[in-house]
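Here is the naming used below: chain letters follow the sequence lines, and residue numbers restart at 1 for every chain.
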Number of protein chains: 2
Amino acid sequence: MKPKITLKDIARELDVSISTVSKALKNSAEISKDTKDKIKAFAKFYNYRPNNIALSLKNKRTKNIGVIIPDIVHHFFTTVFRGIEKYANEKGYNVIVCISDESNEKEVINMEMLANGSIDGFILSLSAETQLKNEYTHLKELLDQGIPIVLFDRVTSEIECDKVVLNDAEIACEAVGHFIKAGSKRIALVTTEKYFNVSENRRIGYLDALKVHNFKVDENLILTLSHDMENDMLITEFFQNNKVDAVLCVNEIFAIQCMSIIQELGFNVPNDISIIGFTDGILSRFSVPRLSTVAQHGELMGETAAKLLIDRMEWLDEVEEPFKTEVINATLIKRGSSIN
Amino acid sequence: MKPKITLKDIARELDVSISTVSKALKNSAEISKDTKDKIKAFAKFYNYRPNNIALSLKNKRTKNIGVIIPDIVHHFFTTVFRGIEKYANEKGYNVIVCISDESNEKEVINMEMLANGSIDGFILSLSAETQLKNEYTHLKELLDQGIPIVLFDRVTSEIECDKVVLNDAEIACEAVGHFIKAGSKRIALVTTEKYFNVSENRRIGYLDALKVHNFKVDENLILTLSHDMENDMLITEFFQNNKVDAVLCVNEIFAIQCMSIIQELGFNVPNDISIIGFTDGILSRFSVPRLSTVAQHGELMGETAAKLLIDRMEWLDEVEEPFKTEVINATLIKRGSSIN
DNA sequence: TTGTAGGCGTTATCAA
DNA sequence: TTGATAACGCCTACAA
């Protein structure tokens, strides 16, 4: 067992002062070559590495980013996280993750915990409960303290900060347009509760498309499912009671569930009913037929969020940049579950 | 903008000494009620919170855990991570994640980075490359420095530390036994390169089961696929060229790929060919037919790993506990892709 | 060319 | 009951 070595240890062993060691290891011109060589050799031999914590305290920056996501088991968040981690790592930052589990309380507690020096900035996607309660004081306070925040995907206009969002409305509109062009007449939307900004935007896009193509809206064709419950019964009833020839689902799970139930009910996908989902995850790629889907480019979203945050953190001392909202353009991926 | 307040700030404003403030906020009996009340009120008003970094430096413990996983996009690792995060959070620890991306170099760099004070201990699953090269000096050095490590799933006997593993051989044996009981005669194994300890153990279990039931081993029925390449051609050829009535796959993706190709080739699952996979992920639950699978209980594995690590870290000063290897018992989940 | 001193924010020990 | 001081590990302005 050989514990970590410090500048002090080196100084003591080599009988020089701590600052000499510090300077020598930074290759300062102040120090004679002899001393530098001696100190460097010693440091190398004992595998000296500066202590991150001490550096953080001194520099008042930790090189840590706090990431708060509602649920890591969702493919979309996982890919965003990967993008964040990748970019952050390249830039020498570490990532501390907390999972809010869709709970406002956890979100608040975790953020306050991390905000006390552990991180330099946050990247987060709002928990369901936070969106439901519309409660953002914790974010406002952190911004007030000068801690930069980047919101992604689940964002809110109540907070002024950098954001990364998908062009949800547009792409939903495009997807519905795709259905219409292929001849669909009765297009359903399977969505979540309204307080999710993303669902709401996708709904807007859905309605827009209908309007543009002079379809009239049938509220019966909009099925709202809970984000955290078993929905099979509701879905079954929905497709039994409504004549539908196309469905846009706001996430991958809903899409796969719908497809499975639709098939069980004896309909053919895509001939009787076309389906398009959101999130180009593993489910979409391996289903039968393969699921047409909206690729959200989670990894790019993550990288973009990390870039926004790191740029802001590193420029913080200098100019005060205005807040930006980066829009990631989703892509419609046409596979077997919809007609071309 | 109101920056974070420090003990010093409070002391200055209230015209007392820093140590008085510190004691008052810890409710020390040394300080008079009056002073305490005054200081507490002030601190509360300005929302004082001790700086984590300063505490870390002082206490020589960060309350951070470093987690290194090969790939966050794999369902299994995601669930393990969730278990770690959950347990750690309950115990007041934060989790810093690095993704090794199956690369030994990244694994080494990230661990060394974090080891310089950022974390108190590691939980990791070895990268593919690390297992391939059989290179563990980085782990040895960290252990040598007194940094505790818990390995999970992808472990090695070369390193002495706490471990959490699945009873891979046993459960693979059980799965093959299940095939045999259902009448299968020609049972295939679809696996990855041998250097993965888990695949090797599952192979051993597969062979054991054959032996126990007096089946002779046909090496042609063992298909080895790369963990990072397109394997569709190989799989197709395999099922075209070999008469097979049951397949055990060492992961979920292989299982789904096999099922899809088997169906395309015109076989019925499970009547012509039964399939059992590993990892009870989202793919298994939504495939048609639903995939019989080995549930690895990732979340439990994560919690167990976190508990081992935290216990060791918190007892470190006291007794020196011997290293433990916790075995998680997998569960065979029988669904539509295999005959009962 | 090298060393001293002060500070980052906190706590603990000891002195007043 | 309160305060001064040192320490955690590092850096840096300034002094020698």
Side-chain angles (χ1 to χ4, degrees), chain A residues 3-40 42-43 46-64 113-120 145-146 317, chain B residues 3-40 42-43 46-64 113-120 145-146 317:
Chain A
K4 291 245 92 171
I5 195 179
T6 71
L7 288 185
K8 199 188 203 175
D9 298 327
I10 302 182
R12 186 171 7 84
E13 293 300 320
L14 261 38
D15 215 37
V16 290
S17 79
I18 295 178
S19 62
T20 303
V21 179
S22 174
K23 288 171 188 163
L25 292 176
K26 304 193 100 73
N27 211 11
S28 159
E30 289 180 23
I31 309 295
S32 72
K33 185 159 185 321
D34 276 9
T35 326
K36 279 199 284 197
D37 288 349
K38 189 177 63 175
I39 291 176
K40 282 186 191 166
F42 190 92
Y46 284 100
N47 195 27
Y48 169 79
R49 294 275 179 280
N51 179 305
N52 291 332
I53 297 294
L55 287 178
S56 295
L57 187 58
K58 177 117 252 280
N59 302 332
K60 296 179 151 272
R61 61 207 307 267
T62 60
K63 287 243 165 191
N64 287 159
M113 167 112 233
L114 292 180
N116 298 318
S118 300
I119 52 86
D120 299 335
Q145 284 169 30
D317 321 318
Chain B
K4 290 246 91 171
I5 194 178
T6 70
L7 289 184
K8 201 190 206 176
D9 298 326
I10 302 182
R12 185 171 8 83
E13 292 302 318
L14 261 37
D15 215 38
V16 289
S17 79
I18 295 178
S19 53
T20 303
V21 178
S22 174
K23 287 171 188 162
L25 292 176
K26 303 195 98 72
N27 212 9
S28 156
E30 289 180 21
I31 309 294
S32 74
K33 185 160 184 322
D34 277 9
T35 328
K36 279 200 284 197
D37 288 348
K38 190 177 61 177
I39 292 176
K40 282 185 192 166
F42 190 93
Y46 284 100
N47 197 28
Y48 169 79
R49 294 274 179 282
N51 180 306
N52 293 331
I53 297 294
L55 287 178
S56 295
L57 185 58
K58 181 112 251 278
N59 302 331
K60 297 178 152 272
R61 63 207 304 267
T62 60
K63 288 241 162 195
N64 287 160
M113 167 113 232
L114 292 179
N116 299 318
S118 299
I119 52 87
D120 299 334
Q145 283 170 31
D317 320 317

Send over the distance from [X] [atom1] to [N] [atom2], rounded to a whole Å.
X         : N       : atom1 : atom2 : answer
Ile18(B)  : dT13(C) : CD1   : P     : 18 Å
Asn51(B)  : dG7(C)  : CG    : C1'   : 14 Å
Asn116(A) : dC8(C)  : CG    : P     : 18 Å
Leu25(B)  : dT2(D)  : CG    : P     : 13 Å
Ile53(B)  : dG9(C)  : CD1   : C1'   : 11 Å
Ile31(A)  : dT4(C)  : CD1   : P     : 13 Å
Leu57(A)  : dG9(D)  : CG    : C1'   : 9 Å
Lys38(A)  : dT1(C)  : NZ    : C1'   : 12 Å

Looking at the side chain of [X], which of [options] is the nearest nucleotide?
X        : options                 : value
Ala54(B) : dT1(C), dC10(D), dG9(C) : dG9(C)
Thr20(A) : dT10(C), dT2(D), dG3(C) : dG3(C)
Glu30(A) : dT2(C), dG9(C), dC10(D) : dT2(C)
Lys60(A) : dT11(C), dT2(C), dC8(C) : dC8(C)

Phosphate OP1/OP2 of [N]: any [X] side-chain N/O under 4.0 Å:
X        : N       : value
Ser32(A) : dT1(C)  : no
Lys23(A) : dT12(D) : no
Thr6(A)  : dG9(D)  : no
Ser17(A) : dG3(C)  : yes
Tyr48(A) : dC10(D) : yes
Lys26(A) : dC11(D) : yes

Next item on the list: Answer with base, sugar-phosphate or nothing: what part of the nucleic acid does Ser56(B) contact at a heavy-atom distance below 4.0 Å?
Entry: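 The residue Ser56(B) makes no contact with any strand.
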Notebook entry, point to check: Closest nucleotide of DNA chain C for Ser22(B) versus for Ala29(A): which of these residues is on the 5' side?
Noted result: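 The residue mapped nearer the 5' terminus is Ala29(A).
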Item checked: Where at least one partner belongs to residues 8-18 of chain A, residue pairs that pass salt bridge (Lys or Arg N to Asp or Glu O under 4.0 Å), sequence neighbours excluded ->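 Salt bridge (Lys or Arg N to Asp or Glu O under 4.0 Å) check on residues 8-18 of chain A returns Asp9(A)-Arg12(A).
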Checklist line | First of Val21(B) and Pro50(A) reached from the 5' end of DNA chain D, by closest nucleotide | finding: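 The residue whose closest nucleotide sits nearer the 5' end is Val21(B).
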Margin query: Base of dT4(C), side chain of Ser19(A) - is there a donor-acceptor contact under 3.5 Å?
Written below: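 Under the 3.5 Å cut-off, the side chain and the base do form a donor-acceptor pair.
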Item checked: Carboxylate-amine/guanidinium proximity below 4.0 Å for Lys38(B) and Asp34(B) ->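 Here Lys38(B) does not pair with Asp34(B) in a salt bridge, since their nearest N and O are not under 4.0 Å apart.
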Next item on the list: Show your reasoning for whether side-chain contact (heavy atoms from CB on, under 4.5 Å) applies to Asn116(A) and Leu55(B).
Entry: CA-CA 10 Å; Asn116(A) 298 318; Leu55(B) 287 178; over 6 Å; no
Using modelled atom types only, decide if a donor and an acceptor are shared between the side chain of [X] and the backbone of [Y] within a distance under 3.5 Å.
X        : Y         : value
Asn52(A) : Leu114(B) : no
Lys36(B) : Ser28(B)  : yes
Asn59(B) : Arg61(B)  : no

Note to self: Could you walk me through whether Leu14(A) and Val21(A) satisfy the side-chain contact (heavy atoms from CB on, under 4.5 Å) test, starting with their C-alpha distance in whole Å, then the side-chain angles of each, then the deciding distance to 0.1 Å, before giving a yes or no?
What the structure shows: CA-CA 9 Å; Leu14(A) 261 38; Val21(A) 179; 6.0 Å; no
Next item on the list: Evaluate the side-chain contact (heavy atoms from CB on, under 4.5 Å) criterion for residues Thr20(A) and Ile31(A): first the C-alpha distance (whole Å), next the side-chain angles of each, then the deciding distance (0.1 Å), finally the verdict.
Entry: CA-CA 7 Å; Thr20(A) 303; Ile31(A) 309 295; 4.0 Å; yes
Check: When you measure from every atom of DNA chain D, which of residues 7-15 of chain B have a heavy atom less than 4.0 Å away?
Finding: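 Hits under 4.0 Å, by residue number: none.
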